[in-house]
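What follows is a short report on a single structure.
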Amino acid sequence: MLNAPIPIDHFIQGGVTAGTSPRHQDVYNPATGAVTGKVALANHADVAAAVAAAQAAFPAWADTPPIRRARVMFKFLELVNRHKDELAHLITAEHGKVFTDAQGEVARGIDIVEFACGIPQLLKGDFTDQVSTGMDNWTLRQPLGVVAGITPFNFPVMVPMWMFPVAIAAGNTFILKPSPIDPSASLFMADLLKKAGLPDGVFNVVQGDKEAVDALLVHPDVKAISFVGSTPIANYIYETGAHHGKRVQALGGAKNHMVVMPDADLDQAVDALIGAAYGSAGERCMAISVAVLVGDVADKIMPKLIERTKALKVLNGTNLAAEMGPIVTAAAHQRITGYIEAGAQEGAQMVVDGRGFDAAKTGEGCSKGFWMGGTLFDHVTTDMKIYKEEIFGPVLSCVRVPDFAKAVQIINDHEFGNGVSCFTRDGNVAREFARRIQVGMVGINVPIPVPMAWHGFGGWKKSLFGDMHAYGEEGVRFYTKQKSIMQRWPESISKGAEFVMPTAK
């Protein structure tokens, strides 16, 4: 007898609640195709309840000394480290990515928690003694209030951790709206935060879809919105949130290129392309989806890429030998299949076709999962749909260019500017590439250049809407507002009215 789907609800005011909305959505194990859960989909009343809880908790939490907020983060860090494999198993069960990749996701999230534990240092302001005679000036950073994070399916732990540890440590209260595709990790993290001593109402989770998003965007008590997802939705979040007076950082889509120069170590370049293109089934905003092959390197590298793509170990993510798991949903599988068909119709040379993958090879009970192998195209041109649009699947397009200048040009001409990489042994090429490329995150012999916790994540062009990147020092600035204070005391105030701006005297 099959197990009944597990209800996955909201977390408001320190406890799990089903909410008032009658709507639910099935949650699948993408490896088997089985329904494992039913997630609640919040209505406006559910969102209002979460905002009210966060708003009520804000004054006391904002007044809590930063060192005490940091101690809660330290305890949360301890608990996440203790339960990190449980979090990774939840990711694999609902997203499908292989377990080792899920472990890596949790580890990168932990980095941000560690960064947030240093919040007393990060919130320090500036002070100038005697800015004018008898007058001092200083700045401080204060929390915004209730802030919200809207996060995608592909990183159900790491991306929320880009947001809430910094926001909460800085004194805000937080509402997480995770993807309904893999929502269980959000409740697990909420439980760990409560066990760490976080006061009720400081962290809340509303499960849901567009109705919940729209409710957060228009609610007057929500002061800031962080978002990671596709570019059309990022644009919508940015415009709508800004229209309603909110601070917004909305990270959008990508079409990440990796340039392979003729002098590159080809085996290292192949390793990088295979891992970056097909890891997590290509469902990463930092995945490499275009290989830009310069000069005669294409004829040398293509046989190696073909061999490795065909040999990908596509297995149930719980199998530690797996290199790639299933596609996250049936709808995503269908969308990716459509892109592959479009590439073939537009004249790209399909040298490896992942559509006919045999699901029986993936593991027991997986025949009905959302399986696909890696697809590899050669002779892709910049006018093709598979080049221009984000596929978000295990499809690598190879573009041949005559020289370095052309490689830089096509990347700079693309509407996205999230991540990019260049493999070369030439220091001058590397330096020129890093300086001239119009992309927010650059790797030199690093295929997926996701910045570490203290640097901050964000692309350029249509990959980011808003002015401040996620996490790092810019994340602290995003979740706080600066206040400038000038003071002087009666003994230092000259007699008589002053009719001019204060000046340095």
Side-chain angles (χ1 to χ4, degrees), residues 3 5-19 24 27 36-42 46-47 49-54 56-57 61 64 68-95 99 102-103 105-114 116-117 146-151 153 155-169 172-208 212:
N3 293 326
I6 297 170
I8 303 166
D9 295 324
H10 317 294
F11 185 91
I12 299 172
Q13 192 55 35
V16 175
T17 174
H24 293 80
V27 177
T36 58
K38 282 195 174 294
V39 61
L41 299 177
D46 298 328
V47 172
V51 175
W61 184 243
T64 300
R68 287 175 50 197
R69 298 198 297 255
R71 287 171 185 155
V72 174
M73 282 295 112
F74 271 111
K75 182 62 177 178
F76 177 63
L77 174 64
E78 175 194 333
L79 292 170
V80 172
N81 273 309
R82 191 185 307 169
H83 296 282
K84 58 187 177 183
D85 281 355
E86 292 167 69
L87 270 172
H89 279 297
L90 284 176
I91 296 167
T92 296
E94 293 182 347
H95 174 276
F99 180 66
Q103 288 177 307
E105 173 185 340
V106 176
R108 288 305 297 265
I110 287 171
D111 288 347
I112 312 298
V113 181
E114 291 174 336
C117 287
V146 180
V147 299
I150 301 166
T151 57
F153 74 84
F155 289 102
V157 170
M158 184 185 74
V159 171
M161 284 189 181
W162 285 0
M163 302 172 184
F164 73 78
V166 178
I168 288 173
N172 301 281
T173 53
F174 196 91
I175 298 169
L176 173 62
K177 206 300 291 179
S179 169
I181 292 172
D182 43 13
S184 293
S186 63
L187 295 183
F188 195 95
M189 291 186 290
D191 182 61
L192 294 185
L193 283 165
K194 185 176 178 68
K195 289 176 178 175
L198 192 71
D200 292 348
V202 174
F203 181 80
N204 305 274
V205 178
V206 286
Q207 312 287 0

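Count residues from 1 along the sequence. Every heavy atom of this structure was used, including side-chain atoms; hydrogens, water molecules and symmetry mates were not.
Within 6.0 Å of the NZ atom in Lys194, the count of heavy atoms belonging to other residues, nucleotides or ligands exceeds 12.
Looking at heavy atoms from C-beta onward, Phe155 lies out of side-chain contact with Arg108 at the 4.5 angstrom threshold. Side chains of Leu77 and Ile110 form a contact here, defined as non-hydrogen atoms less than 4.5 Å apart. The shortest side-chain heavy-atom distance between Val147 and Met163 does not fall under the 4.5 Å cut-off.
The CD atom of Glu94 lies 13.5 Å from the NE2 atom of His89; values are rounded to the nearest 0.5 Å. Considering CE of Met73 and CG of Leu193, their distance stands at 5.5 Å, rounded to 0.5 Å. Rounded to the nearest 0.5 Å, atoms CG (Leu192) and NE2 (His83) are 5.5 Å apart. One finds the CD atom of Glu114 at 10.5 Å from the CE atom of Met161 (value rounded to the nearest 0.5 Å). The distance from the OG1 atom of Thr17 to the CG atom of Asn204 is 11.0 Å, given to the nearest 0.5 Å. Here the CZ atom belonging to Phe11 is positioned 7.0 Å from the CG atom belonging to Asp191, to the nearest 0.5 angstrom.
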Point to revise | Evaluation steps, side-chain contact (heavy atoms from CB on, under 4.5 Å), between Asp182 and Ile91 | key: CA-CA 7 Å; Asp182 43 13; Ile91 296 167; 5.9 Å; no
Practice item. Could you walk me through whether Phe76 and Val113 pass side-chain contact (heavy atoms from CB on, under 4.5 Å), step by step? Key: CA-CA 8 Å; Phe76 177 63; Val113 181; 3.9 Å; yes
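Looking only at distances, no side-chain donor or acceptor of Trp61 sits under 3.5 Å from a matching main-chain atom of Gly201. Proximity of a side-chain donor or acceptor of Glu105 to a complementary backbone N or O of Met158 within less than 3.5 Å is detected. Of the possible donor and acceptor atoms, none in the side chain of Lys84 sits under 3.5 Å from a partner among the backbone N and O of Ala107.
Side-chain polar atoms of Gln207 and Asp9 form no donor-acceptor pair below 3.5 angstrom.
Here the closest heavy-atom approach between residue Gly208 and residue Lys177 is recorded as O-NZ, 2.9 Å. Nearest heavy-atom pair across Val206 and Val47 is CG1-CA, 4.3 Å. Nearest approach of His10 to Ala42, heavy atoms of both residues: CE1-CB, 3.7 Å. Nearest heavy-atom pair, Ala54 versus Thr173, reported as atom, atom and distance to 0.1 Å: O-OG1, 3.0 Å. For Ala116 against Ala169, the heavy-atom pair with the smallest separation is O-CB, 3.7 Å. Scanning both residues, Val157 and Ala185, for their nearest heavy atoms gives CG2-CB, 3.7 Å.
A parallel orientation is assigned to the rings of Phe203 and Phe174, their planes being inclined by less than 30° (bins at 30° and 60°).
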